[in-house]
Amino acid sequence: VQLQASGGGLVQAGGSLRLSCAASGFTFDDYAIGWYRQAPGKEREGVSGINSSDGSTYYADSVKGRFTISSDNAKNTVYLQMNSLEPEDTAVYYCAAEVNDRDYECDVFLLRWGFGSWGQGTLVTVSS
């Protein structure tokens, strides 16, 4: 099971980026996939999550209305579209996945149980 996060970079405030999380070694059927971020000196934050089975999603209040998570199960890839980026969004972003064959809400994994498989981080830097 491998996850590959990509798409980070440097962008000006107000700009957009799209992060990708590509999975190999397993298919996204019946998985919860989440995005976390960690800024220097700050605790890791669960940003967004999605259930691949039904497409249900979760967003942290800090990104609600600006970020959109989506899943392309045929490509085994989850995307995080980030719009209206703010300097406070600067962080290393990680994707993670866990089997969810009982259709638990994805925020249960993101905020409480955690995920078993993690990708490497991708750095997002938003300049003011």
Side-chain angles (χ1 to χ4, degrees):
V1 174
Q2 288 189 331
L3 298 170
Q4 180 77 31
S6 62
L10 174 64
V11 64
Q12 288 188 332
S16 299
L17 283 174
R18 188 177 79 160
L19 305 184
S20 298
C21 177
S24 59
F26 70 102
T27 59
F28 267 168
D29 296 342
D30 295 327
Y31 268 80
I33 300 98
W35 285 98
Y36 291 87
R37 66 185 181 186
Q38 188 160 23
K42 294 187 177 181
E43 291 188 356
R44 187 176 66 190
E45 177 188 13
V47 173
S48 182
I50 187 168
N51 274 338
S52 63
S53 59
D54 62 6
S56 59
T57 59
Y58 165 85
Y59 297 96
D61 288 343
S62 57
V63 305
K64 199 172 294 183
R66 300 188 297 122
F67 290 11
T68 303
I69 191 170
S70 61
S71 176
D72 186 336
N73 289 359
K75 294 184 178 180
N76 255 21
T77 302
V78 167
Y79 303 99
L80 187 67
Q81 178 67 43
M82 306 186 297
N83 298 329
S84 302
L85 283 162
E86 303 166 354
E88 293 73 23
D89 296 316
T90 295
V92 177
Y93 285 71
Y94 301 88
C95 64
E98 185 57 69
V99 174
N100 185 20
D101 54 6
R102 297 193 177 187
D103 291 332
Y104 294 112
E105 297 295 327
C106 55
D107 62 299
V108 172
F109 295 89
L110 197 70
L111 303 178
R112 294 177 57 191
W113 295 346
F115 294 82
S117 300
W118 288 78
Q120 91 295 352
T122 185
L123 176 63
V124 172
T125 304
V126 184
S127 62
S128 57

Test your reading of the model: is there a side-chain donor-acceptor pair from [X] to the backbone of [Y], 3.5 Å cut-off?
| X | Y | value |
| --- | --- | --- |
| N73 | S52 | yes |
| E98 | G116 | yes |
| Q120 | A5 | yes |
| S71 | V78 | no |

Minimum heavy-atom separation for [X] to [Y], with atom names?
| X | Y | result |
| --- | --- | --- |
| S16 | Q81 | CB-NE2, 3.9 Å |
| A39 | T90 | CB-O, 3.5 Å |
| L17 | G7 | CD2-O, 3.9 Å |
| S48 | L80 | CB-CD1, 4.0 Å |
| S128 | A13 | CA-CB, 4.3 Å |

Nearest-0.5 Å distance that lies between atom [atom1] in [X] and atom [atom2] in [Y]:
| X | Y | atom1 | atom2 | value |
| --- | --- | --- | --- | --- |
| S62 | E86 | OG | CD | 9.0 Å |
| N51 | N100 | CG | CG | 4.5 Å |
| K64 | T57 | NZ | OG1 | 9.5 Å |
| E45 | Q38 | CD | CD | 10.5 Å |

Any chance you could pull the hydrophobic cluster mates of V92, using side-chain heavy atoms under 4.5 angstrom and chaining through other members?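 Listed partners: Y36, Y58, Y94, Y104, V108, F109, L110, L111, W113, F115, W118, L123.
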Those residues that, when tested against K42, pass salt bridge (charged side-chain N to carboxylate O under 4.0 Å, His left out) (two or more places apart):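 Checked K42 against salt bridge (charged side-chain N to carboxylate O under 4.0 Å, His left out); zero matches.
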Restricting to pairs with a member in residues 90-128, which pass disulfide bond (SG atoms under 2.5 Å apart), not counting sequence neighbours?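 Pairs touching residues 90-128 that pass the test: C21-C95.
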Step by step, would you call R37 with D89 a side chain to side chain contact (heavy atoms under 4.5 Å, CB included)? CA-CA 9 Å; R37 66 185 181 186; D89 296 316; 2.9 Å; yes
Tell me, please, which residues at least two apart from D101 pass side chain to side chain contact (heavy atoms under 4.5 Å, CB included).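 Per chain and number, D101 pairs via side chain to side chain contact (heavy atoms under 4.5 Å, CB included) with D30, V99.
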Qualifying residues under ring pair (Phe, Tyr, Trp, His ring centres under 6.0 Å), relative to F26, sequence neighbours excluded: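 F26 satisfies ring pair (Phe, Tyr, Trp, His ring centres under 6.0 Å) with F28, Y31 once adjacent residues are dropped.
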Between L19 and V124, is any pair of side-chain heavy atoms under 4.5 Å apart?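 L19 reaches V124 side chain to side chain.
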Please examine the side chains of F67 and L85, heavy atoms only from C-beta on, and report whether any two atoms are closer than 4.5 Å.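 Of all side-chain heavy-atom pairs linking F67 with L85, at least one is under 4.5 Å.
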Any luck finding a side-chain donor-acceptor pair between S53 and D103 under 3.5 Å?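 Result is yes, a qualifying pair exists.
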Under a plain distance cut-off of 3.5 Å, with no hydrogens placed, do D72 and T77 share a side-chain donor-acceptor pair?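 Short answer, no.
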Scan for ring-ring contact (aromatic ring centres under 6.0 Å, His included) pairs involving residues 68-93, sequence neighbours excluded, and state none if there are none.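 ring-ring contact (aromatic ring centres under 6.0 Å, His included) check on residues 68-93 returns no pairs.
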